[in-house]
Amino acid sequence: MTTLAMTADMLPYLAALLAAGAFAGILAGLLGVGGGIVLVPAFVAILTAAGYGTGDLMQVCLATSLATIFVTSIRSVLAHHRKGAVEWDIIRSWAPWIMAGAILGVWLVSRLSTQSLKLIFGVLVLAVASFMLVSRPDWRVADAPPTGLRRGALATTVGLVGVLLGIGGGSLGVPMLTLHGRPMHRAVATAAGFGAIIALPSVASFLFVPAAGPPPGTVGSVNLPIFAITIAMTLLTAPIGASLAHGTDARRLRRIFALFLLAVGLNMLRKALL
């Protein structure tokens with residue numbers, strides 16, 4: 001096959017990656033959620049269609065998604081810091097536990113099959129979507145973030161689930177912090193920092209964890225071309241989502257997004273059980 005023909009064959013997959021990155025960036029700006037929960041199933045679908053559906057497919061998708069999360073999380077937390085909304089004491093006290101959970105997540109991902117990881121992803125996404133549908137802003141379990149062993153357990157869970165879903169800290173960190181008395185804007189700002197804490201040790205580890213049957217350009221389990229394409233699009237479109245957010249009903253959008261996640265989770269479960 002000529003180089004021209006190979007390039008032409010890849011154009012539909014390139015277009016799909018550009019669209020996935022753009023969509024993830026808009027959602028991140030619009031709803032304040034990380035794009036990983038959208039990117040992982042998109043990567044799975046695109047790479048499967050491109051002929052890389054066997055081997056350690058989910059491992060590559062999770063690792064590559066986390067690499068994008070590192071960049072977007074740093075950008076987000078710095079923007080929130082300029083507004084004085086980040087509670088750095090929470091980030092510092094939770095960081096060691098989150099990193100421990102992330103490293104545990106890498107260990108699990110490297111030992112589980114793609115089908116098992118699809119099943120876990122589907123179940124966890126359904127749980128996140130269900131909480132988004134039924135939760136209310138005024139729900140509280142305590143007036144302050146937990147300390148001691150309870151903090152360790154919750155923070156470790158944030159890191160572990162973050163790696164298993166290929167996401168930053170927002171999907172779990174925000175509800176955990178709001179349930180413990182933090183205002184929503186501070187919870188979103190602080191949880192943005194969780195993403196970098198999850199991504200840094202996990203991506204550094206995944207770079208040295210080989211994947212079976214990866215697409216070209218994969219170092220360890222991180223696919224560099226997909227990372228570059230995705231991050232370019234998310235950085236371009238996140239400001240668009242942020243602009244749209246000012247003229248929309250955030251609660252209604254979160255409900256719609258939760259329904260979308262239900263469909264994503266059910267579809268991943270269907271693939272896992274085939």
Side-chain angles (χ1 to χ4, degrees), residues 28 31-34 36-37 62 65-66 69-70 72-109 120-121 123-206 250-251 254 258:
L31 298 173
V33 300
I37 208 163
L62 293 170
S65 174
L66 286 164
I69 294 298
F70 181 74
T72 56
S73 177
I74 292 292
R75 184 173 183 266
S76 177
V77 76
L78 290 177
H80 286 298
H81 173 68
R82 287 192 290 271
K83 297 179 181 179
V86 181
E87 299 199 24
W88 290 104
D89 56 331
I90 293 178
I91 291 179
R92 283 190 293 268
S93 61
W94 285 50
W97 299 101
I98 292 175
M99 294 178 76
I103 292 170
L104 175 60
V106 173
W107 181 81
L108 283 174
V109 168
I120 292 170
F121 184 94
V123 170
L124 291 176
V125 167
L126 289 177
V128 170
S130 299
F131 182 83
M132 290 178 69
L133 282 173
V134 304
S135 64
R136 295 175 52 180
D138 58 346
W139 280 7
R140 295 289 183 274
V141 297
D143 294 328
T147 59
L149 291 177
R150 190 159 174 267
R151 174 173 61 197
L154 291 177
T156 302
T157 300
V158 170
L160 173 62
V161 174
V163 172
L164 292 176
L165 288 179
I167 62 174
S171 296
L172 265 75
V174 170
M176 281 187 181
L177 291 174
T178 55
L179 287 172
H180 289 86
R182 308 324 296 153
M184 176 60 75
H185 70 286
R186 287 189 170 273
V188 170
T190 304
F194 291 172
I197 299 170
I198 293 169
L200 180 60
S202 59
V203 173
S205 300
F206 274 127
R251 291 189 64 184
R254 287 183 70 83

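The figures that follow rest on heavy atoms only: side chains count, while hydrogens, waters and symmetry mates do not. Nothing here was measured: the structure is a model prediction, and the numbers come from that model.
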Original post:
Is Ser135 reaching over with its side chain to a backbone N or O of Phe131, donor-acceptor style, under 3.5 angstrom?
Top reply: yes
Original post:
Does any N or O in the side chain of Thr178 come within less than 3.5 Å of the main-chain N or O of Pro175, such that one atom is a donor and the other an acceptor?
Top reply: yes
Looking at every non-hydrogen atom in both residues, tell me the closest pair between [X] and [Y] and how far apart they are.
X: Pro146; Y: Leu154; value: CG-CD1, 3.6 Å
X: Ile167; Y: Gly36; value: CG2-C, 3.7 Å
X: Trp97; Y: Gly152; value: CD2-CA, 3.4 Å
X: Leu165; Y: Leu62; value: C-CD2, 3.5 Å
X: Ile69; Y: Thr72; value: O-OG1, 3.2 Å

Could you give the distance from [atom1] ([X]) to [atom2] ([Y]), rounded to the nearest 0.5 Å?
X: Thr157; Y: Leu172; atom1: OG1; atom2: CG; result: 8.0 Å
X: Asp138; Y: Leu179; atom1: CG; atom2: CG; result: 10.5 Å
X: Leu164; Y: Leu160; atom1: CG; atom2: CG; result: 4.5 Å
X: His81; Y: Thr190; atom1: NE2; atom2: OG1; result: 12.0 Å

Subject >> More than 12 heavy atoms of other groups within 6.0 Å of Asp143 CG >> reply: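 12 or below, so no.
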Original post:
Got a sec, which residues hit side chain to side chain donor-acceptor pair (under 3.5 Å) with Arg150, two or more places apart in sequence or on another chain?
Top reply: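 Arg150: side chain to side chain donor-acceptor pair (under 3.5 Å) contacts with His180.
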**OP:** State which residues pass side chain to side chain donor-acceptor pair (under 3.5 Å) with Arg182; sequence neighbours excluded, sorted by chain then number.
**Re:**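 Expected list: Glu87.
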For residues 191-205, run the donor-acceptor check on the side chains, cut-off 3.5 Å, and write out each pair with its distance to 0.1 Å, sequence neighbours left out.
residue	atom	partner	partner atom	Å
Ser202	OG	Ile198	O	2.7
Ser202	OG	Ala199	O	3.1
Ser205	OG	Pro201	O	2.8

